Amino acid sequence: MKIYRDRNSLLLPLLRGSLLTYVGIDNIISGPFRRLMINYLKLGDFGSNSREEYLYYLLLFFGLLQLFITIQSIFQPVIEVIDTKIVLRTKEKTLSVIRNTFDITNIELVEDNFLKISFDEEVYNIQIDDIPISKINNIFPTFNFQEEE
């Protein structure tokens, strides 16, 4: 069983990443947006001002990073249970955490947006802002989490 983030909530980060990437690339290659800005702002050729050049490379980097993280969140599940293994995507670990399901000692809902899963020696917090509680109840039937209204 797999639990994914709500795809509608990922639309805004996808648009932000696309916009930042477009602004970065457009200004580097002197596209239509840069030509429009030259009409209203006092801009020279790209590369004539090193601070401006670093700014657009930084915008491009952050845009690509935002796109990468968003696309990754669309296709990778947050929680996946396969037979006796559980795969978790957490903020503490860069790669997914794979553990045995029978090593789980406790599962609790913390502050309505984190699921705290405790194993024998480690505790992982999974952000579940975009995931309905009913889906979590389906994957962990022994623990009953109540939705607060």
Side-chain angles (χ1 to χ4, degrees), residues 1-41 43 46-47 49-101 104 106-119 122-149:
M1 176 173 253
K2 298 178 183 181
I3 296 179
Y4 292 93
R5 294 200 188 283
D6 183 25
R7 289 194 165 80
N8 292 334
S9 66
L10 295 174
L11 185 61
L12 187 61
L14 185 68
L15 290 174
R16 278 189 214 134
S18 300
L19 181 68
L20 286 174
T21 303
Y22 172 74
V23 168
I25 290 174
D26 185 76
N27 280 287
I28 291 171
I29 63 169
S30 297
F33 183 65
R34 175 145 181 106
R35 280 185 257 130
L36 179 71
M37 286 189 346
I38 288 173
N39 292 337
Y40 295 106
L41 302 172
L43 295 176
F46 182 78
N49 185 347
S50 62
R51 283 186 278 171
E52 177 189 356
E53 187 177 352
Y54 290 132
L55 171 69
Y56 292 122
Y57 284 125
L58 188 64
L59 286 176
L60 178 62
F61 171 74
F62 283 135
L64 290 174
L65 183 65
Q66 183 75 47
L67 284 174
F68 175 74
I69 291 170
T70 305
I71 291 172
Q72 183 183 21
S73 294
I74 289 172
F75 293 111
Q76 281 190 340
V78 178
I79 300 171
E80 182 178 6
V81 177
I82 307 168
D83 295 332
T84 61
K85 299 283 185 186
I86 186 168
V87 181
L88 308 170
R89 284 190 58 211
T90 66
K91 289 187 174 189
E92 291 99 10
K93 301 287 184 176
T94 305
L95 300 174
S96 296
V97 176
I98 302 173
R99 302 293 304 256
N100 290 322
T101 54
I104 297 175
N106 189 22
I107 299 175
E108 63 181 296
L109 193 61
V110 180
E111 300 174 8
D112 293 337
N113 59 349
F114 285 99
L115 187 67
K116 184 176 174 183
I117 299 180
S118 303
F119 291 93
E122 294 176 333
V123 176
Y124 297 106
N125 292 315
I126 298 137
Q127 189 171 8
I128 56 167
D129 285 338
D130 307 328
I131 302 170
I133 299 296
S134 60
K135 287 186 179 181
I136 295 171
N137 282 334
N138 289 342
I139 201 165
F140 300 113
T142 58
F143 299 96
N144 289 322
F145 301 108
Q146 301 299 321
E147 256 185 293
E148 292 185 16
E149 298 176 20

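Being a predicted model, the structure only gives us computed values, none of them experimental.
- Pairs passing the salt bridge (Lys or Arg N to Asp or Glu O under 4.0 Å) check and including a residue from residues 12-29, sequence neighbours excluded, do not occur.
- Not counting sequence neighbours, the partners of R99 by the side chain to side chain donor-acceptor pair (under 3.5 Å) test are E121, E122.
- E80 is linked by a side-chain contact (heavy atoms from CB on, under 4.5 Å) to K2, P77, I82, V87, counting only residues two or more places apart in sequence or in another chain.
- What you find for P13 and Q66 is that their closest heavy atoms are CB-NE2, 3.1 Å.
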query: For L14 and L67, what are the C-alpha separation, side-chain angles and deciding distance, and is it a side chain to side chain contact (heavy atoms under 4.5 Å, CB included)?
result: CA-CA 6 Å; L14 185 68; L67 284 174; 3.7 Å; yes
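- Contacts of S9 classified as side chain to side chain donor-acceptor pair (under 3.5 Å), with partners at least two apart in sequence or in another chain: D130.
- The structure places CD1 of I117 at 3.5 Å from CD1 of I126, a figure rounded to the nearest 0.5 Å.
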- request: Please test I86 against Y124 for side chain to side chain contact (heavy atoms under 4.5 Å, CB included), starting from the C-alpha separation and ending with a verdict.
  value: CA-CA 12 Å; I86 186 168; Y124 297 106; over 6 Å; no
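- Contact record, K85 with I98: CD-CG2, 4.2 Å, taken as the closest heavy-atom pair.
- With L60 as the fixed residue, the side chain to side chain contact (heavy atoms under 4.5 Å, CB included) test singles out one of L55, N27, I25, L65: I25.
- Residue pairs satisfying the salt bridge (Lys or Arg N to Asp or Glu O under 4.0 Å) criterion with at least one member in residues 56-72, sequence neighbours excluded, are absent.
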message: Applying side chain to side chain contact (heavy atoms under 4.5 Å, CB included) to F119 and L88, what does each step give before you reach the verdict?
response: CA-CA 12 Å; F119 291 93; L88 308 170; 4.0 Å; yes
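- The heavy-atom pair separating T70 from L10 by the smallest distance is CG2-O, 3.5 Å.
- Atom OG1 of T90 and atom CZ of F114 lie 10.5 Å apart (nearest 0.5 Å).
- With sequence neighbours excluded, no residue forms a side chain to side chain donor-acceptor pair (under 3.5 Å) with K116.
- In plain terms, the two heavy atoms of T21 and G63 that are nearest each other are OG1-C, 3.1 Å.
- Counting heavy atoms from C-beta outward, I79 and L115 have side chains that approach closer than 4.5 Å.
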